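Worksheet: one structure, shown below.
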Amino acid sequence: MGVRDGIGTPWGTRTPYGPGQRWPVRVDSHLADGVAPDEVDTWVRTAAVLHSNGDGMDLAVKDGRLVGVRGRADDRVNHGRLDPKDLFGWQANNSPDRLTTPLVRDGQGELVESTWDEAMGRIVERSKALLDDQGPSALGFYTSGQLFAEEYYTLAAIAHGAIGTNHVDGNTRLCTATAAEALKESFGCDGQPASYSDVDHADVIALFGHNAAETQAVLWSRVLDRLAGPNPPALLCVDPRDTMVARAAAIHLAPLPGTNMALMNGLLHEIIEHDWVDHDYITQHTVGYEELVQQVTDYPPERVAPICGVPAGQIRDAARLLGQAQRLLCTVLQGFYQSHQATAAAVQVNNLNLIRGMLGKPGAGVLQMNGQPTAQNTRECGADGDLTGFRNWANDAHVAELARLWNIEQGQIPHYAPPTHVMQMLRYAENGTMRLLWVSATNPAVSLPELTRVRSILGQDRLFLVVQDAFRTETAELADVILPAAIWGEKTGTFTNADRTVHLSEKAVDPPGQARSDLDIWLDYARRMDFRDKDGEQFPPWSEPESAFEAWKKASEGRPCDYSGLSYDKLRAVSGVQWPCNADNPDGTERLYANGKFYAQPDYCESYGRDLITGAPLEPTEYRAMNPDGKAIIKAAEYLPPNETATDDFPFMLITGRTIYHFHTRTKTGRAPQLHHAAPEVWVEISAADAEHLGIAEGDLTQVRTPRGQVHARARICGIRERVLFLPFHYGYWDTEDPAGRDGHRAANELTLTDWDPASKQPLFKTAAAAVTRLTAGDGPSPAPTTTASAPIGTDVPDTQGDATTQVTERNADPAGAAR
Ligand SMILES: Nc1nc2c(c(=O)[nH]1)N[C@H]1C(S)=C(S)[C@@H](COP(=O)(O)OP(=O)(O)OC[C@H]3O[C@@H](n4cnc5c(=O)[nH]c(N)nc54)[C@H](O)[C@@H]3O)O[C@H]1N2
Ligand SMILES: Nc1nc2c(c(=O)[nH]1)N[C@H]1C(S)=C(S)[C@@H](COP(=O)(O)OP(=O)(O)OC[C@H]3O[C@@H](n4cnc5c(=O)[nH]c(N)nc54)[C@H](O)[C@@H]3O)O[C@H]1N2
Ligand SMILES: [Mo]
């Protein structure tokens, strides 16, 4: 047993292990000051909700309140470990800032406390009027990657089924739309091929635009433990910043933002040229290889090097590492998904594993990572522009099946076009065809691009905005009705992490005041709207979490994301089960495609795919002709320069992203003192050469500008590549004096642009041209953490560390009781 500073040492003590060995257990726990372990009344089962890793954990409850957390030793994902956000973030549940009653606008336009009857009454009245006057398309729903499967399935049934609007999306559009799209393009269907346990076997792990050290900190601990053990894997890092991943890597490629596609074509060029290719696998299990060979002929390293700003020799070295790997695990995340040519580039990582035959066996596979804890469920349940159960909106038989399941007319489920993506929904709200927008568990007034525009659209009088949240966010300030939500720890439901692991999260404490679960709120809405199925029965027919889960199981049966073999009781007995879990796979499924069979048959696939450059959907007949036998699809694409590139006025490329201590718009982590103090304010990362050139010193206040706006941030001089700036996007305005905040000069999305990937429709948060100038001298170093990618180059910056309240207990458990 040991004690560590949970802030200063975020990855904890190493527990080294070798290839093929079981990752040792290390149970992390943290209890509120003054609470001893034997004073805890109950420990309640859940998993982490401040990232997609799905770390199994228990919540400590005392006197009806949360008082701490402990990792689960028997959990297949984390083997007991927890990251800083999980160790301290639960305190937000207890915050005095929680919403406890509904709020509505009074005659003066002020938000005032109200009752559920009044608030729901207003929503129902407006919904009915709009349905009568304009029809279902006047209503839109914008949800999250942070609710439970039961809740998404309910929303999907209400929105797609009962109401029949096509305007349903999740913030997963900003997050993992490209993951889903890339998987559909290559494998015909969403679903991660690989498993986290592949880290235990891989000899090469390649991270593409994925700062796992900060964003999946426990997964990173697993990698660090492999690196500390015998026969460690070699890492490849592709990221313009000097992240902890980059520092641990054998090879670090730092491409200019927006050039991933060129780099991938260069790597594939080398791999094909050296014939590091599994021809048998390609012949038996794929279509499209010849086009890839043709396409990448034009991308020798010498051509790619100046585009990416990466030396040709480094590209060759990286290709050799990838090409000669015996067990290659690749992960991809926002450095690809939110960058230029997102889907096209992410698909090339799938191609890499396909042509190397690196799929479905221990240590070999692809993780098109998720970000949010429950993003996988938004997609599976169909709350985001996918159809429930990975059904294909362009396949009438799939729509008919869904209509039978819901016992409604097929024509009621809109499928004339792909479901509307959120950027398009904004446009409909802007031009007035969408009049009611119901936002749940997301904060678009901070997280969507080009905030001036977002605020003006959401703030319009003619748009009836409903915001369902636990806190009075920047978005809530614009609402007509605010509904107080119960959150994680206060309600029961299931969710699924990035490697298909399903966890049950049980209610530990009551929600504050009158707050209610999202499930209860939507079912209440359905009853008040009096939605009925074909037989006049109330719809949806379920009434609480477990019956919703049973209904979802039926909807998923026979589909790739098959939950039919799961139950709440099973999830109480086993800590984490990977789907598909059904009669054939009662214990779940570790890896997809182990047999070289894909979910890509024309009658079964989730999508017929799109043109990677234009985004145009393929016709069913085109797909059938291309891939009659349902093999994996190798899709090639050319590199195109970004739409916005550096100019004389805006000579930098601006990227945005995360730090380990905060989650998104900080509604939770900003209210945990330990996390707040570790990274209290926005900063901007700049290279030493650029800083010197511009006369900027560590801690100076700067202005970062793009054609959309400006942000004021203190400079952190660090290892980012030259001509690139990085801003964390966590800092909105709720905790500033002025709710419009520093005259609107703090949130990174003041600067980002209204543009998205043609295939996945994911906005580009990581490719924009910007300028930076010094405003005033600093009075000390910038508030950026020193433990992470923002580590300073100078040594006179004090280390980021915790205090008496950040102690974390580590216990190395006896292997007998250990995780599988
Ligand atoms: N601590 C923490 N963890 C989180 C979250 C959080 O808010 N905080 N959020 C969760 C969610 S929802 C998500 S989606 C994930 C995101 O997890 P990540 O994708 O790992 O995080 P980001 O910081 O958004 O971006 C990753 C990296 O992309 C690099 N990058 C930027 N532009 C480019 C480019 O053009 N090419 C390449 N190759 N790289 C580029 C950046 O330098 C950055 O280091 O994290 C999840 N985990
Ligand atoms: N510039 C830039 N912008 C980005 C990104 C970036 O890298 N750069 N990343 C994008 C990505 S990947 C993501 S995922 C988004 C995240 O962006 P958002 O989703 O807007 O961020 P969050 O702060 O997580 O907002 C979630 C909200 O849900 C509330 N909430 C939590 N649990 C519950 C619940 O159970 N019920 C209800 N009703 N509410 C709940 C929280 O209080 C919070 O207000 O940001 C995107 N925006
Ligand atoms: Mo995300």
Side-chain angles (χ1 to χ4, degrees), residues 49-53 83-85 92 99 143-148 151 170-176 179 207-217 237-241 243 245-246 253-260 263 331-340 345 369-373 375 439-449 467-471 473-476 483-488 490-491 493 517-518 521 642 653 655-669 685 720 724 726-730 732 734 747-749 751-752 762-763 765-767 789:
V49 282
L50 298 175
H51 49 77
S52 61
N53 215 49
D83 90 349
K85 296 192 297 344
L99 289 167
T143 190
S144 183
Q146 301 175 38
L147 301 179
F148 295 154
E151 299 177 318
N171 66 358
T172 46
R173 186 65 60 187
L174 323 181
C175 183
T176 57
L207 298 97
F208 295 92
H210 181 195
N211 183 11
E214 297 189 57
T215 59
Q216 271 87 21
C237 171
V238 182
D239 193 310
R241 294 192 304 150
T243 60
V245 177
L253 305 179
L256 271 169
T259 65
N260 294 320
L263 182 70
T331 73
V332 192
L333 201 45
Q334 300 307 351
F336 271 45
Y337 301 164
Q338 294 175 342
S339 193
H340 175 59
M369 288 295 301
N370 293 341
Q372 292 176 90
V439 173
S440 49
T442 181
N443 189 8
V446 181
S447 59
L448 282 174
V467 173
Q468 186 165 308
D469 203 293
F471 295 97
T473 61
E474 293 84 345
T475 309
L483 303 176
I487 55 178
W488 171 83
E490 300 162 358
K491 58 183 181 181
S517 74
D518 300 271
I521 296 171
M653 290 307 279
I655 57 179
T656 61
R658 295 164 166 76
T659 185
I660 191 167
Y661 300 109
H662 281 298
F663 185 65
H664 299 171
T665 71
R666 285 175 310 119
T667 63
K668 289 183 174 179
T669 53
E685 294 175 21
I720 193 168
V724 180
F726 174 90
L727 280 173
F729 86 102
H730 303 297
W734 61 264
N749 281 321
L751 306 181
T752 47
Q762 184 160 347
F765 293 113
K766 295 193 184 356
T767 318

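These figures come from a predicted structure and were not determined experimentally. Counting starts at 1 for both ligands and their atoms, following the listed order.
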message = Suppose we screen for side chain to side chain contact (heavy atoms under 4.5 Å, CB included). Which residues come up paired with Ala476, at least two apart in sequence or across chains?
response = Val467, Arg472, Thr473, Ile482

request  = Of the side chain and backbone of Phe336, name the one, both, or neither that has a heavy atom under 4.0 Å from an atom of ligand 1.
outcome  = side chain

ask   = Considering only heavy atoms, does Thr259 approach ligand 1 within less than 4.0 Å through its side chain, its backbone, both, or neither?
value = neither

ask   = Glu214 heavy atoms, cut-off 4.0 Å: which ligand 1 atoms fall inside?
value = 1 (N), 2 (C), 3 (N)

request  = Of the side chain and backbone of Met369, name the one, both, or neither that has a heavy atom under 4.0 Å from an atom of ligand 1.
outcome  = neither

query = Any side-chain heavy-atom pair from Glu474 and Asn443 closer than 4.5 angstrom?
reply = yes

message = Given 3.5 Å as the limit, does a donor-acceptor pair link the side chain of Asn171 with the main chain of Gly145, or not?
response = yes

request  = May I ask you to test the Gln216-His210 pair for a side-chain heavy-atom distance under 4.5 Å?
outcome  = yes

inquiry  = Does only the side chain of Asn260 get under 4.0 Å from ligand 1, or the backbone, or both, or neither? Count heavy atoms.
reply    = side chain

request  = Could you tell me which atoms of ligand 1, counted from 1 in the order shown, lie closer than 4.0 angstrom to a heavy atom of Thr243?
outcome  = 44 (O)

Ligand-side contact atoms (ligand 1) for residue partner His210, heavy atom cut-off under 4.0 Å = 20 (O)

message = I need the contact type for Pro257 against ligand 1. Using non-hydrogen atoms and a strict under-4.0 Å cut-off, is it side chain, backbone, both or neither?
response = both

query = Which atoms of ligand 1 are found less than 4.0 Å from any heavy atom of Thr659?
reply = 1 (N), 2 (C), 8 (N)

Atoms in ligand 1 with a heavy atom of Ser339 nearer than 4.0 Å = 34 (C), 35 (O)

message = Quick check on contacts: which atoms of ligand 1 are under 4.0 angstrom from a heavy atom of Lys85?
response = 1 (N), 2 (C), 3 (N), 8 (N)

ask   = Does the side chain of Asn211 come within less than 4.5 Å of Arg658's, by heavy atoms?
value = no

message = Are the side chains of Val446 and His664 in contact, using a 4.5 Å heavy-atom criterion?
response = no

request  = Measure from the side-chain N and O atoms of Trp734 to the backbone N and O of Thr665, and report whether any donor-acceptor pair falls under 3.5 Å.
outcome  = yes

request  = May I ask you to test the Asn749-Phe765 pair for a side-chain heavy-atom distance under 4.5 Å?
outcome  = yes

message = Which protein residues come within less than 4.0 angstrom of ligand 2, counting heavy atoms only?
response = Gln146, Leu147, Asn171, Leu174, Cys175, Gln334, Gln338, Gln372, Ala441, Thr442, Asn443, Ser447, Gln468, Asp469, Phe471, Thr473, Ala485, Ala486, Ile487, Lys491, Asp518, Thr656, Gly657, Arg658, Phe663, His664, Thr665, Thr667, Phe729, Asn749, Phe765, Lys766

query = Can any side-chain N or O of Asn260 pair as donor or acceptor with the backbone N or O of Gly335 at less than 3.5 Å?
reply = yes

query = How are the rings of His730 and His662 set to each other: parallel, tilted or perpendicular (split at 30° and 60°)?
reply = tilted

ask   = Going by the atom numbers of ligand 1, which of them fall below 4.0 Å from some non-hydrogen atom of Ile660?
value = 1 (N)

request  = Taking only heavy atoms of Gly258 into account, list the atoms of ligand 1 that are under 4.0 Å away from them.
outcome  = 35 (O)

key: Beyond-backbone contact of Gln334 with Gln762, side-chain heavy atoms, under 4.5 angstrom   = yes

key: Min side-chain heavy-atom separation Met653-Thr767 under 4.5 Å   = yes

